[in-house]
Trainee: 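This is the structure I have questions about; it appears just below.
Keep in mind the model is a prediction, meaning the values are calculated, not measured.
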Amino acid sequence: MISREQADLFAHEWIEAWNSHDLVRILGHYSEDFVMSSPRIASVVQEASGVLVGKPAVAAYWAKALALRPELRFTLLTTYVGADSVAIHYESVRGQAIEVFFFNESGLVCRASAHYL
């Protein structure tokens with residue numbers, strides 16, 4: 001079970017990592033085999049399914065996304081707590097988004113899904 005304190009800590013660390021644009025720091029939140037789904041995957045790396053598996057694939061996607069958006073900055077709006085997940089509602093350069101993160105037994109994100117307006 002994830003506590004409010006754990007969820008808030010994760011959300012703040014995640015936002016700070018993205019705002020640093022440090023890909024190693026960002027990827028530090030994730031397991032080696034994590035699954036990322038986002039409608040933006042299709043447009044940025046031409047993966048029609050919108051799903052990538054594993055750090056190398058997601059790292060390539062995020063590196064390209066960061067290069068395309070050097071002004072990228074996230075502002076945390078709200079954190080939601082689930083039994084085995086955390087949802088982060090944030091503002092980005094393209095508007096509001098919500099990402100849902102599921103954690104493995106080591107406390108790393110094993111699956112994440114991004115949602116946009």
Side-chain angles (χ1 to χ4, degrees):
M1 190 78 133
I2 297 173
S3 71
R4 163 58 58 195
E5 294 75 22
Q6 290 169 314
D8 288 341
L9 179 62
F10 173 80
H12 287 285
E13 288 178 353
W14 187 85
I15 293 284
E16 288 175 13
W18 273 99
N19 287 344
S20 76
H21 290 221
D22 181 342
L23 192 54
V24 172
R25 185 176 174 191
I26 294 165
L27 289 167
H29 293 103
Y30 299 87
S31 66
E32 288 299 321
D33 60 347
F34 84 98
V35 177
M36 179 71 208
S37 64
S38 169
R40 299 227 169 106
I41 288 172
S43 61
V44 174
V45 293
Q46 286 68 55
E47 172 51 57
S49 69
V51 178
L52 296 172
V53 178
K55 271 190 181 179
V58 178
Y61 159 57
W62 285 342
K64 187 172 182 181
L66 285 168
L68 290 170
R69 292 281 182 181
E71 77 282 11
L72 183 78
R73 178 155 183 81
F74 295 161
T75 302
L76 181 63
L77 299 175
T78 308
T79 305
Y80 299 90
V81 183
D84 63 347
S85 63
V86 172
I88 298 175
H89 181 197
Y90 61 93
E91 183 80 32
S92 184
V93 295
R94 295 177 80 181
Q96 292 185 23
I98 294 176
E99 291 201 35
V100 180
F101 306 88
F102 290 87
F103 297 85
N104 65 17
E105 61 282 346
S106 299
L108 294 173
V109 176
C110 57
R111 185 167 48 106
S113 183
H115 305 78
Y116 306 100
L117 287 174

Trainee: Closest approach of Ala17 and His29, non-hydrogen atoms and distance?
Mentor: CB-CE1, 3.7 Å
Trainee: Roughly how far apart are Phe102 CZ and Ser113 OG, rounded to 0.5 Å?
Mentor: 8.5 Å
Trainee: Should Phe103 and Val86 count as side-chain neighbours, where that means a heavy-atom distance under 4.5 Å?
Mentor: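 In short, these two side chains touch, coming nearer than 4.5 Å.
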Trainee: Is there a donor-acceptor contact under 3.5 Å from the side chain of Ser106 to the main chain of Leu108?
Mentor: no
Trainee: Within the distance-only criterion (no hydrogens, no angle test), does the side chain of Ser31 pair as donor or acceptor with the backbone N or O of Val109 below 3.5 angstrom?
Mentor: yes
Trainee: With no hydrogens and no angle check, is any side-chain donor or acceptor of His21 less than 3.5 Å from a backbone partner on Leu72?
Mentor: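 Side chain of His21 to backbone of Leu72: a pair is present.
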Trainee: Which atom names give the shortest non-hydrogen contact between Ile2 and Ala7, and what distance separates them?
Mentor: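 In terms of heavy atoms, the two residues are closest at CG2-N, 4.1 Å.
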Trainee: When you measure from the centre of the six-membered ring of Tyr116, is the NZ or CZ of Arg94 under 6.0 Å away and within 45° of the axis?
Mentor: no
Trainee: Evaluate the ring planes of Trp14 and Phe101, with Trp represented by its six-membered ring, and classify them as parallel (under 30°), tilted (30 to 60°) or perpendicular (over 60°).
Mentor: perpendicular
Trainee: Under the side-chain contact (heavy atoms from CB on, under 4.5 Å) rule, what do Phe34 and Val58 come out as? Steps first, then yes or no, please.
Mentor: CA-CA 9 Å; Phe34 84 98; Val58 178; 3.4 Å; yes
Trainee: I need the Ile15 CD1 to Phe10 CZ distance, nearest 0.5 Å.
Mentor: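 Here the rounded value is 9.5 Å.
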Trainee: Are Trp18 and Tyr90 an aromatic pair by the rule of ring centers under 6.0 Å?
Mentor: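 Not under 6.0 Å, so no.
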Trainee: I would like to know whether Glu47 and Tyr61 meet side-chain contact (heavy atoms from CB on, under 4.5 Å); could you show each step before the answer?
Mentor: CA-CA 10 Å; Glu47 172 51 57; Tyr61 159 57; over 6 Å; no
Trainee: Verify the cluster assignment for Val100 and Ile26: are they in a single hydrophobic cluster under the rule of side-chain heavy atoms below 4.5 Å apart?
Mentor: no
